[in-house]
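Working notes, structure below.
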Amino acid sequence: MIDREKLEAIVREAGRIALAGWPGDGHVLDHWEKTPGSPVSAIDLEVDSFLKKELHALLPAAGWLSEETVDAPARLKEALVWLVDPVDGTRDFIRGRTGWAISVALVNTRRPLLGYLYAPARRREEGGEFWSGEAGKGAWRNGERLSASRRESLSGARVPAHKLAPEDADLQLVEQPNSIALRMAMVAANEADLLATLRWGFEWDIAAAGLIAREAGAVVTDAFGRPLNYNKHDPRAFGVLCASNGIHAQAVERLAERAERFSA
């Protein structure tokens, strides 16, 4: 049995480490591009190293898959695997904005068992935003149980984005954190009704938030409406669709042609 209090303490300490180097508080940050358009900072690597050490000590049998660690095929042999994005939303982190979070999920036989998000730069008077979810037991933010959007009509749905395609002009824009995990969590907290992406993405981006949203009552799939599995040989999926149960099928139908076109 995993020590959940210890796990929460580890995730919170990771957030403290990240906040100690966040430019939003005036800190000077060393950052660069891994590949064109893919930023990373010294804090990403520091948090990744801390989490790898502490989570391995907490659960030595679990494998490891992280955005900032070279992938090791040995993880494929493990039933339990940590999926980690040490700083999800690095662009907002580098710019001193608050839309970033620590993302940690424990996957058991390809399904998320535990998921934690910590956004220490948000709601600072409350010590940040701390999100958690456990398979079959629900999801919470700062101790309050979450209940996802129950919207039934796609038209008018709240979407965390900066702009909309012309064919989606009937949707409503709301705040868009750079962190995709936080955008999914907004659906879990009934602050948005729909989050959809139409690009290839990685498991570590969505595992924790996907569990939190699902446990709050949302539906979480790839862009085609197919179930998401984790700890795959190729740790990618095309798109993510996180929506209220009432509009998920409508969103899949609306996005079907675009998903086929962009995934080719």
Polar side-chain atom of [X] near backbone of [Y] as donor-acceptor pair, under 3.5 Å:
X	Y	answer
Arg258	Leu198	no
Asn245	Val219	no
Arg183	Ala161	no

Please determine, by modelled atom types, if [X] and [Y] share a side-chain donor-acceptor pair under 3.5 angstrom.
X	Y	value
Trp204	Ser103	no
Thr90	Asp44	yes
Asp48	Thr69	yes

Does atom CZ of Arg97 have more than 12 heavy-atom neighbours, drawn from other residues, nucleotides or ligands, at distances under 6.0 Å? no

All side-chain contact (heavy atoms from CB on, under 4.5 Å) counterparts of [X], not counting sequence neighbours:
X	value
Asp25	Leu19, Trp22, His27, Arg124
Ile2	Arg4, Leu7, Leu58, Leu59, Trp82, Leu106, Leu114
Ala148	Ala216, Ala218

Qualifying salt bridge (charged side-chain N to carboxylate O under 4.0 Å, His left out) pairs, either residue in residues 145-162, two or more places apart: Arg158-Asp193

Qualifying residue, where the test is salt bridge (Lys or Arg N to Asp or Glu O under 4.0 Å) with Glu203 and the options are Arg110, Arg236, Lys232: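 Among Arg110, Arg236, Lys232, the one meeting salt bridge (Lys or Arg N to Asp or Glu O under 4.0 Å) with Glu203 is Lys232.
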
Restricting to ring pair (Phe, Tyr, Trp, His ring centres under 6.0 Å), what partner residues turn up for Phe224, sequence neighbours left out?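 For Phe224, the residues satisfying ring pair (Phe, Tyr, Trp, His ring centres under 6.0 Å) (neighbours in sequence not counted) are Phe238.
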
Not counting sequence neighbours, which residues clear ring pair (Phe, Tyr, Trp, His ring centres under 6.0 Å) with Tyr116? List them please.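 Residues passing ring pair (Phe, Tyr, Trp, His ring centres under 6.0 Å) with Tyr116: Phe130.
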
To the closest 0.5 Å, what do you measure between CG (Leu241) and OG1 (Thr221)? 4.5 Å

Heavy-atom side-chain contact between [X] and [Y] under 4.5 Å:
X	Y	value
Val159	Gln172	no
Glu134	Glu215	no
Val107	Leu113	no

